[in-house]
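The figures here come from the full heavy-atom set of this structure, side chains too, leaving out hydrogens, waters and symmetry mates.
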Amino acid sequence: MGRQHLHRPVIDDATPADAAAVVALWHACGLTRPWNDPDADFTRALDGATSTILLARQAGVPIGSVMVGHDGHRGWLYYLAVRPDARGQGVGTALFDAAEQWLRARSVPKLQLMVREDNAAALAFYDRIGLERQGVVVLGRFLTRP
C-alpha cells in the first residue's frame, strides 16, 4: 500500500490535549535533546502571549508541527517536524508557510530558525524553500542545569 499524498494539509493550532502526540512526534523526528524538556517547551509555547504550535493533522492525528513565536522584532521557528512516513508530500512546506503567515499577521519583520550544522536534510529543505544562511554566530548559556 502506497503513501497517501497530501498536497496541502489542514493546519490548525495545537491544544493542551495534543501534548503527548506532539512530543512523541518530536522524539520520532529526532528533535529532542536531553537538556531540553519537550513537554515544558510545548506548554510554554501554548501559554505564551507571543507563541503557539501549529499542527498538520491526518484523521485528527498530528503528522507535523511547528512552534512559532516572536520577540517583537524577530520571529522564530522551532520543532518543524513531519512524521517520517509523511515526508516529501508538502507537509513541511505547508507548516512553514502557516508559521510565516502567523508571523506576518503580527507584523513581525523577520523570520529566523536554527539548524544543527550536521543536519544536511533540514538544511537542504530550507534551501529549497528559499531561506538564506545568515552571517551570525549563535551564542548561549543555560540558565538552569538539566
Is there a donor-acceptor pair closer than 3.5 Å between any side-chain N or O of [X] and the backbone N or O of [Y]?
X: Asn36; Y: Arg33; value: no
X: Ser51; Y: Asp47; value: no
X: Gln134; Y: Glu132; value: yes
X: Arg87; Y: Val82; value: yes

### Query
Can Leu55 and Val22 be said to form a side chain to side chain contact (heavy atoms under 4.5 Å, CB included), step by step?
CA-CA 9 Å; Leu55 300 180; Val22 172; 3.6 Å; yes

Let me confirm one number: the [atom1]-[atom2] distance from [X] to [Y], rounded to the nearest 0.5 Å.
X: Leu131; Y: Gln112; atom1: CG; atom2: CD; result: 10.0 Å
X: Ile53; Y: Phe42; atom1: CD1; atom2: CZ; result: 4.5 Å
X: Asn119; Y: Met114; atom1: CG; atom2: CE; result: 13.5 Å
X: Trp102; Y: Ile11; atom1: CH2; atom2: CD1; result: 15.0 Å
X: Thr32; Y: Asp41; atom1: OG1; atom2: CG; result: 10.0 Å
X: Asp13; Y: Thr52; atom1: CG; atom2: OG1; result: 4.5 Å

### Task
Verify side chain to side chain donor-acceptor pair (under 3.5 Å) between Thr50 and His70, making sure each step is shown before the conclusion.
CA-CA 6 Å; Thr50 59; His70 67 88; 5.0 Å; no

Between [X] and [Y], is there shared hydrophobic-cluster membership here, with clusters defined by ILVMFWY side-chain heavy atoms closer than 4.5 Å?
X: Val91; Y: Leu113; result: yes
X: Leu77; Y: Leu31; result: no
X: Leu54; Y: Phe125; result: yes
X: Leu95; Y: Val61; result: no
X: Met67; Y: Val138; result: yes

### Task
Go through Arg57 and Ile63 one step at a time and tell me if the side chain to side chain contact (heavy atoms under 4.5 Å, CB included) criterion holds.
CA-CA 5 Å; Arg57 297 180 194 269; Ile63 61 166; over 6 Å; no

### Task
Test side chain to side chain contact (heavy atoms under 4.5 Å, CB included) on Leu103 and Val68 and set out the steps.
CA-CA 8 Å; Leu103 292 167; Val68 59; 3.7 Å; yes

### Message
Does His73 form a side chain to side chain contact (heavy atoms under 4.5 Å, CB included) with Val108? I'd like the steps, not just the answer.
### Response
CA-CA 6 Å; His73 176 71; Val108 177; over 6 Å; no

### Task
Report the C-alpha distance between Arg83 and Asp85 in whole Å, list the side-chain angles of each, state the deciding distance to 0.1 Å, and finish with yes or no for salt bridge (charged side-chain N to carboxylate O under 4.0 Å, His left out).
CA-CA 6 Å; Arg83 198 172 68 196; Asp85 66 344; 2.6 Å; yes

### Message
Is the ring pair Tyr79/Trp26 parallel, tilted or perpendicular, if the boundaries are 30 and 60 degrees?
### Response
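Parallel, since the angle between the ring planes stays under 30°.
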
### Query
Does atom CZ of Arg106 have more than 12 heavy-atom neighbours from other groups under 6.0 Å away?
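Atom CZ in Arg106 is packed in, count exceeds 12.
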
#### Entry: Exceeds 12 heavy-atom contacts within 6.0 angstrom, atom CZ of Arg133
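Open.
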
### Task
Could you tell me which non-hydrogen atom of Pro84 sits nearest to which non-hydrogen atom of Ala28, and how far apart they are?
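Residues Pro84 and Ala28, closest heavy atoms: CG-O, 4.2 Å.
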
### Task
May I ask you to check if Arg74 and Trp76 form a cation-pi contact, with NZ or CZ under 6.0 angstrom from the six-membered ring centre and within 45° of the axis?
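No, Arg74 does not sit over the ring of Trp76.
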
#### Entry: Co-members of Val137 in a cluster of I, L, V, M, F, W and Y side chains, linked at under 4.5 Å
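Its cluster partners, ordered by chain and number, are Leu139.
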
### Task
For residues Phe96 and Val66, determine if any side-chain heavy atom of one lies less than 4.5 Å from a side-chain heavy atom of the other.
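Not touching, per the 4.5 Å side-chain cut-off.
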
